[in-house]
Amino acid sequence: MNLEHILTGMKQDRRQFLGGMCGLLSMASLLSRTSAIAEGSHRPKQRIKRVIFLFMNGGPSQIDTFDPKPNLSRYDGTDYAGPLKINSGTRVSGKLCKSEFQFHKCGESGIEISELFPELSRNADDLCVIRSMQTTSSLHAGALLEMNTGRFQQGGASLGSWIDYGLGDSPDSLPSFVVMLDPRGGPINGQGNWSTGALPVTPATRIHSTSSPFPSPSRKQESSENEKQMRQLLSQLNQKFENTAGSRPAFQQRDLSYHVSWKMGDVAAETGDLGQETDATQQAYGLDNPITREFGSRCLLARRMLERGSRFIQIYSGGGAQKDTWDAHTGNGERHRKFAGETDRPIAALLTDLKQRGLWEETVVVWGGEFGRTPTVEYQSNGRDHNPYGFSMWLAGGPVRGGTVVGATDELGLQAVETPLQVADLHATLLHLLGIDHTRLVHNQDGLNVSLTGTTPCRVITEALS
């Protein structure tokens, strides 16, 4: 039975016909997916094409990494007497505690970076360290969702999905939005962190293992004409039933997923073959060391995907059980040595490699977690609790003003007191660099316009840009 026979045998009443026409128009819009918002007269100049988000799952401590607090030594072992709540859940706050790590002025800029990052410190003049980030939740679930989707409830579309929606369909053969999970597990909320929400875009491609980054069932080789007919039939079947099933975005996302899968073809296998890289490159990323091999492989794979058209890649450090993340409620020093030791060399290699391969000017790298940690230790513990009031992240690449520091926390490293910045400010900045006005990037959902940055006032972090 050929395609024409199948389609002509589908009897439609007037309502189904109109619904099908709406589906066809919607799908035509999807496959081009050039947002009218992005095309508007207020569209910012696109300065980058790609983003890599290095996500330190669990929340690294700012005062042990990128925000030195020498005055904290004066208060070491004393009680915190300020007004802020510094315990999450039922945890009891303990004494103020100085960092056990030394900080050094690095590069010509003299940015102070912890001894935890000896390799990254050589790239100090490329970094813009933001020391005044804030989030609205002190709990992992809400803070993770806010950092990834702009809201602290489930159901919101993620940053990568909004980028796809704003920029439109990518003509390349690899997925544009990729999430590389830590092999020890994923973050709290799972898929909610990379959700498409109600946006009619392709779901993120998740990679659990670099040994088989693009697993897919084998399929019989088809002639180009048969393959074309199969894809056309699948698309039209989805279009026919999407309205009657009452879940148009789900059908659209599924159709787009199939579209990406067909496009990938043999390109995916070639991209995932890290053995094509020179021994020197593999060693630079730490593939020769069991401590750095896993994270280094993901960083190297990310670079290969960026070269082939992917534009938003999120790489998680830490996942699964609490002991396998940066969430240092116990053993703060040991936990930070472990995860910094796994990631320092690969991240430094990634930054250097982007420069050498001509990707630097059109790529921005983001480093950070869902929040920071307190300057106190927990009661009867040597770990630090969650801190949403002031923490550090850094940006590098493209038009980022390297060798600079934006914002500051108080002398304890607890609360942002200079240039406090919200997650929405970070999102607005990344969209701006990609040529998208965050105030105009909206999607109508059940009669309401929704956006990534919401209704709370936010701004582009111009201090971080050249």
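These numbers were taken from a predicted model, which means no experiment stands behind them. Note: hydrogens, waters and symmetry copies are ignored here, and every other heavy atom, side chains too, is used. Nothing fancy with the numbering, it's 1 onward along the sequence.
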Is there a salt bridge (charged side-chain N to carboxylate O under 4.0 Å, His left out) between R184 and E342? Walk through the geometry before answering. CA-CA 13 Å; R184 289 166 289 205; E342 292 176 358; 2.9 Å; yes
Begin from the C-alpha positions of D425 and H427 and carry the test side-chain hydrogen bond (donor to acceptor under 3.5 Å, both in side chains) through to its verdict. CA-CA 5 Å; D425 299 320; H427 289 168; over 6 Å; no
Non-hydrogen side-chain atoms of V366 and W394 separated by less than 4.5 Å: no
Donor-acceptor contact below 3.5 Å, side chain S466 vs main chain P399: yes
Side chain to side chain contact (heavy atoms under 4.5 Å, CB included), paired with I207, selected from V179, L181, L301: L301
Please check: side-chain N/O of T149 versus main-chain N/O of L145, any donor-acceptor pairing under 3.5 Å? yes
If only atom types and distance count, is the side chain of R304 paired as donor or acceptor with the main-chain N or O of L300 below 3.5 Å? no
Quick one: pull up CG in N449 and CZ in R440 and give me the separation to the nearest 0.5 Å. 12.0 Å
Report yes if the side chains of T363 and I48 come closer than 4.5 Å at any heavy-atom pair, otherwise no. no
CD on E378 to CG on N332, rounded to 0.5 Å: 10.0 Å
Tell me, with the steps shown, if F117 and F66 meet ring-ring contact (aromatic ring centres under 6.0 Å, His included). CA-CA 10 Å; F117 301 102; F66 295 100; 5.1 Å; yes
Inter- and intrachain pairs under salt bridge (Lys or Arg N to Asp or Glu O under 4.0 Å), touching residues 355-366, at least two apart: K49-E362, R50-E362, D126-K355, E277-R357, E307-R357, D353-R357
What I'd like to find out is whether the side chain of Q191 reaches to under 4.5 Å of the side chain of R206, using heavy atoms alone. yes
Nearest 0.5 Å, please: how far is CZ in R335 from NE2 in H329? 8.5 Å
Donor-acceptor under 3.5 Å (S114 side chain, D64 main chain): yes
Examine Y316 together with F55 and report whether their ring centres are nearer than 6.0 Å. yes
Find out whether L434 and H432 are in side-chain contact, i.e. whether some heavy atom of one side chain is under 4.5 Å from a heavy atom of the other. no
Which atoms form the tightest heavy-atom contact between A464 and L395, and what is the distance? CB-CD1, 4.3 Å
Going by the side chain to side chain contact (heavy atoms under 4.5 Å, CB included) test, name the single residue among M133, H140, M147 that passes it with F371. H140
Please test T135 against S137 for side-chain hydrogen bond (donor to acceptor under 3.5 Å, both in side chains), starting from the C-alpha separation and ending with a verdict. CA-CA 6 Å; T135 186; S137 176; over 6 Å; no
Shortest non-hydrogen contact from G319 toward T325: N-CG2, 3.7 Å
Do T419 and E463 pass the side chain to side chain contact (heavy atoms under 4.5 Å, CB included) test, and can you show the C-alpha distance, the side-chain angles, and the key distance before you say yes or no? CA-CA 10 Å; T419 318; E463 301 93 326; 3.7 Å; yes
Can you tell me how far apart SG (C458) and NE2 (H438) are? Round to the nearest 0.5 Å. 4.0 Å
Please confirm whether the backbone N or O of L414 pairs with a side-chain atom of T409, one donor and one acceptor, at under 3.5 Å? no
Report the C-alpha distance between L431 and T429 in whole Å, list the side-chain angles of each, state the deciding distance to 0.1 Å, and finish with yes or no for side chain to side chain contact (heavy atoms under 4.5 Å, CB included). CA-CA 5 Å; L431 292 177; T429 303; over 6 Å; no
Give a yes or no on whether F152 atom CZ has more than 12 heavy-atom contacts from other residues, nucleotides or ligands under 6.0 Å away. no
Given the rule in the side chain to side chain contact (heavy atoms under 4.5 Å, CB included) test, do D67 and V129 qualify, once you have shown the distances and angles that lead to the verdict? CA-CA 9 Å; D67 191 6; V129 178; over 6 Å; no
Regarding E370 and N148, is there a side-chain donor-to-acceptor distance under 3.5 Å anywhere? no
Between R384 and T374 (side chain of the first, backbone of the second, donor and acceptor by atom type, cut-off under 3.5 Å), is there such a pair? yes
Approximate separation, where rounding is to 0.5 Å, of L120 CG and T343 OG1: 8.5 Å
Any side-chain heavy atom of H336 sitting closer than 4.5 Å to one from T65? yes
Any W162 side-chain heavy atom under 4.5 Å of S158 side chain: no
Any donor-acceptor pair under 3.5 Å linking the side chain of Y285 with the backbone of A348? no
Give me the atom names and distance for the closest heavy-atom approach of S310 to P175. OG-O, 2.6 Å
N57 and D182: CA distance, side-chain angles, deciding distance, side-chain hydrogen bond (donor to acceptor under 3.5 Å, both in side chains) verdict: CA-CA 9 Å; N57 181 31; D182 192 299; over 6 Å; no
Establish, from distance only, whether the side-chain atoms of D164 and S176 form a donor-acceptor pair under 3.5 Å. yes
Give a yes or no on whether the backbone of A157 and the side-chain of T196 come within a donor-acceptor separation of less than 3.5 Å. no
For G197 against S195, the heavy-atom pair lying closest together: N-OG, 2.8 Å
4.5 Å side-chain heavy-atom contact, I347 and N123: no
Find the distance between CD (Q415) and CG (N387) and round it off to the nearest 0.5 Å. 9.0 Å
Indicate the ring-plane relationship of W367 and W326, choosing parallel, tilted or perpendicular according to the 30° and 60° boundaries. perpendicular
Search all heavy atoms of L139 against all heavy atoms of S88 and return the closest pair with its distance. CD2-CB, 4.3 Å
Taking every heavy atom of K69 against every heavy atom of D410, the minimum-distance pair comes out as NZ-O, 2.9 Å
Residue among F177, W194, Y165 satisfying ring-ring contact (aromatic ring centres under 6.0 Å, His included) with F312: F177
One pair to check against side chain to side chain contact (heavy atoms under 4.5 Å, CB included): Q422 and T456. What are the steps and the verdict? CA-CA 10 Å; Q422 308 302 315; T456 302; over 6 Å; no
Test log, rule side-chain hydrogen bond (donor to acceptor under 3.5 Å, both in side chains), inputs T136 and E146: CA-CA 8 Å; T136 55; E146 183 176 8; 2.7 Å; yes
Indicate yes or no for a side-chain donor-acceptor contact from H386 to the backbone of S138 under 3.5 Å, with no hydrogens or angles considered. yes
Hey, are the side chains of L452 and L159 touching, using non-hydrogen atoms and a 4.5 Å cut-off? yes
Is D125 reaching over with its side chain to a backbone N or O of S109, donor-acceptor style, under 3.5 angstrom? yes
